[in-house]
Asker: 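I have a structure I would like to understand better, so I am pasting it below and will then ask my questions one at a time.
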Amino acid sequence: MSENAGSLSPHTIFTVSDSLRYLEPEQLELFLHSFDAWSAATDRQEYVRSRQRMRALYLLLRFTGARLGEVLALDDRIAFDFSRKIVCLGQGEAQRDVPLESFANDAIQDVLESSMGVSLRGHFFHMDPGYVRRIFYARAMDCGLPKELATPRVLRYSRALEMVRGGVPLLVVSKVLGHLSADVMASFRNYTNEDVTSIVRKAHSEMQRRTSARNSFMGHVAHVAVDGIMAEVEVVTDSGLSVFALITVESLRTLKLCIGTPVVATIKAPYVDIKKPCFNSSQRCRNKFKCSIEHITSTEVMSEITGHLEDGIKICSLVSKNVVESLKIDSGSLVDVYFKELSVVINSLY
């Protein structure tokens, strides 16, 4: 499912893998309403208690994305900080404080502090997992949801998707949910070609408004080759230009670059060299492009040359005045511009 490409942020433009099962917002509402109606549909005290417990468990799973086992193991006497709207989940390295939405925080606090809840403190959420799943299936049938979508795991993935859509960075989502698997993480970075194009086009447009954007190539990572401590990254622009950069493996990991990541490749003006155009050469050089000169500004020793590539990308080069004179170039001239891979700086658009 491809999200609307209406803004720059990648969290609004992504494709969720078909293998990932989740509930859409309206389905989550239906599921919640089904639990609400069920828990309110009895006056018998023993039923009221069991249904209120199950509704509270549903709210906790729904608004934390926790694993079922984590919730069933909770000691409700120490897990909640209702004043801060926090619940502590997991154990050991997986232990984390998870924020609760006000609605869920207040509802769980009310039931735990009721006369019924007080009698169950310490083991309020200690229920049989098979019973939990049966109740989930029944509530799903009541509101017309498929049985396969009525599971705690689906709620977990639904919460993850909800947070990503809300702009929460994927690594933060994973931490809040107690670490998502690599496969699930990849599901939220499964950009289609159309998605990538939209991200790059939006980014390029916004950068053009903020700055002259000279020597800036907006694109996506098309290839990565790692050799020892260095990595070669190929960036392909919206118009099909390929720019190659040589960065450290540490930088590759820090930027979390992978195939399809939207990036901007920039080169400082002193690193952009200019030569006479070679029209007959069949050899294609890396980071070498045809540039149409627009303006030349010279001092006694240096010249700033500005122009644009065929696709409109703005180029600026800073060379000695002697180079300009020897090449006999002026406004309107066509030249070759090129730069070395080590001079290209990569920044992620995430």
Side-chain angles (χ1 to χ4, degrees), residues 5 7-8 196-223 232-247 251 255 257 261-350:
S7 66
L8 170 61
V196 170
T197 296
S198 183
I199 293 172
V200 172
R201 187 174 287 122
K202 289 285 185 181
H204 201 177
S205 176
E206 292 197 10
M207 180 171 279
Q208 290 282 7
R209 288 196 295 269
R210 294 195 302 267
T211 177
S212 61
R214 296 181 296 186
N215 304 342
S216 295
F217 293 80
M218 314 295 297
H220 66 275
V221 176
H223 182 71
E232 182 186 75
V233 179
E234 180 184 2
V235 178
V236 175
T237 69
D238 189 22
S239 61
L241 298 179
S242 288
V243 177
F244 293 85
L246 199 59
I247 64 176
S251 294
L255 293 171
L257 299 183
T261 301
V263 295
V264 56
T266 58
I267 309 94
K268 292 183 178 180
Y271 297 144
V272 179
D273 291 329
I274 292 181
K275 287 189 175 183
K276 289 183 178 180
C278 182
F279 298 99
N280 299 323
S281 175
S282 59
Q283 184 178 6
R284 185 175 180 179
C285 298
R286 290 185 171 184
N287 298 346
K288 182 177 179 181
F289 309 99
K290 301 293 182 185
C291 178
S292 178
I293 302 300
E294 294 177 348
H295 188 68
I296 300 176
T297 302
S298 297
T299 63
E300 291 185 0
V301 293
M302 300 298 294
S303 293
E304 182 187 70
I305 301 173
T306 58
H308 63 272
L309 306 185
E310 291 181 1
D311 62 357
I313 292 177
K314 296 180 181 180
I315 293 293
C316 179
S317 176
L318 196 62
V319 299
S320 70
K321 189 176 180 180
N322 291 336
V323 171
V324 175
E325 293 174 349
S326 64
L327 294 177
K328 298 179 180 179
I329 59 176
D330 53 22
S331 180
S333 296
L334 186 65
V335 298
D336 283 339
V337 297
Y338 68 99
F339 35 86
K340 296 180 180 179
E341 295 172 3
L342 278 170
S343 65
V344 181
V345 178
I346 298 289
N347 284 300
S348 173
L349 287 176
Y350 283 131

Asker: For residues 296-306, pull every pair meeting salt bridge (charged side-chain N to carboxylate O under 4.0 Å, His left out), keeping only residues two or more places apart or in separate chains.
Answerer: R214-E304
Asker: Just wondering, do I293 and D330 contact through their side chains at under 4.5 Å, heavy atoms?
Answerer: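 They are not in side-chain contact.
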Asker: So how far is it from C285 SG to F244 CZ, rounded to the nearest 0.5 Å?
Answerer: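 Those atoms lie 11.5 Å apart.
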Asker: Out of curiosity, I274 CD1 to I305 CD1, how far, rounded to the nearest 0.5 Å?
Answerer: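 Answer rounded to 0.5 Å: 3.5 Å.
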Asker: Please check if atom CD in E325 has more than 12 non-hydrogen atoms from other residues, nucleotides or ligands closer than 6.0 Å.
Answerer: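 Correct, the count exceeds 12.
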Asker: Picking from D311, V236, L309, V344, what satisfies side chain to side chain contact (heavy atoms under 4.5 Å, CB included) with F217?
Answerer: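 It is L309; the other options fail the test.
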Asker: Which pair of heavy atoms, one from I315 and one from C291, lies closest together, and at what distance?
Answerer: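 Where I315 meets C291 most closely, the heavy atoms are CB-SG, 4.1 Å.
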Asker: With sequence neighbours left out, what residues match T299 under side chain to side chain contact (heavy atoms under 4.5 Å, CB included)?
Answerer: V301, M302
Asker: Could you check whether D336 pairs with K276 (Lys NZ or Arg NE/NH1/NH2 to Asp/Glu carboxylate O, under 4.0 Å)?
Answerer: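 Result for this pair is no, no salt bridge flagged.
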Asker: Nearest 0.5 Å please: distance from the OG1 atom of T266 over to the CD1 atom of I346.
Answerer: 7.5 Å
Asker: Looking at OG1 of T306 and CG of L318, how far apart are the two atoms once the value is rounded to the nearest 0.5 Å?
Answerer: 11.5 Å
Asker: Under 6.0 Å from the OH atom of Y271, do we count more than 12 heavy atoms belonging to anything else shown?
Answerer: no
Asker: Has the side chain of N215 got a donor or acceptor atom that lies under 3.5 Å from a matching backbone atom of C316?
Answerer: yes
Asker: Side chains of L257 and I247, heavy atoms from C-beta outward: is any pair under 4.5 Å?
Answerer: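 Yes; the side chains approach each other to less than 4.5 Å.
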Asker: Determine whether a donor-acceptor pair (N or O, by modelled atom type, separation under 3.5 Å) exists between the side chain of S331 and the backbone of E294.
Answerer: yes
Asker: Taking the side chain as C-beta and beyond, is there a heavy-atom pair between L255 and T261 under 4.5 Å?
Answerer: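 With C-beta onward as the side chain, the pair stays apart.
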Asker: Return the minimal non-hydrogen interatomic distance between A265 and V243, and the atom names on each side.
Answerer: CB-CG1, 4.2 Å
Asker: Using 0.5 Å steps for rounding, measure from the NZ atom of K321 to the OG atom of S303.
Answerer: 6.5 Å
Asker: Counting distance only, does the side-chain N/O of S317 pair as donor-acceptor with the main-chain N or O of V272 below 3.5 Å?
Answerer: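 Judged by distance alone, yes, a pair lies under 3.5 Å.
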Asker: Should D273 and K275 count as side-chain neighbours, where that means a heavy-atom distance under 4.5 Å?
Answerer: no
Asker: Distance from L241 atom CG to M218 atom CE, nearest 0.5 Å?
Answerer: 13.5 Å
Asker: Answer whether the closest heavy-atom distance between the side chains of V324 and I296 falls below 4.5 Å.
Answerer: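 Yes, close enough: below the 4.5 Å cut-off.
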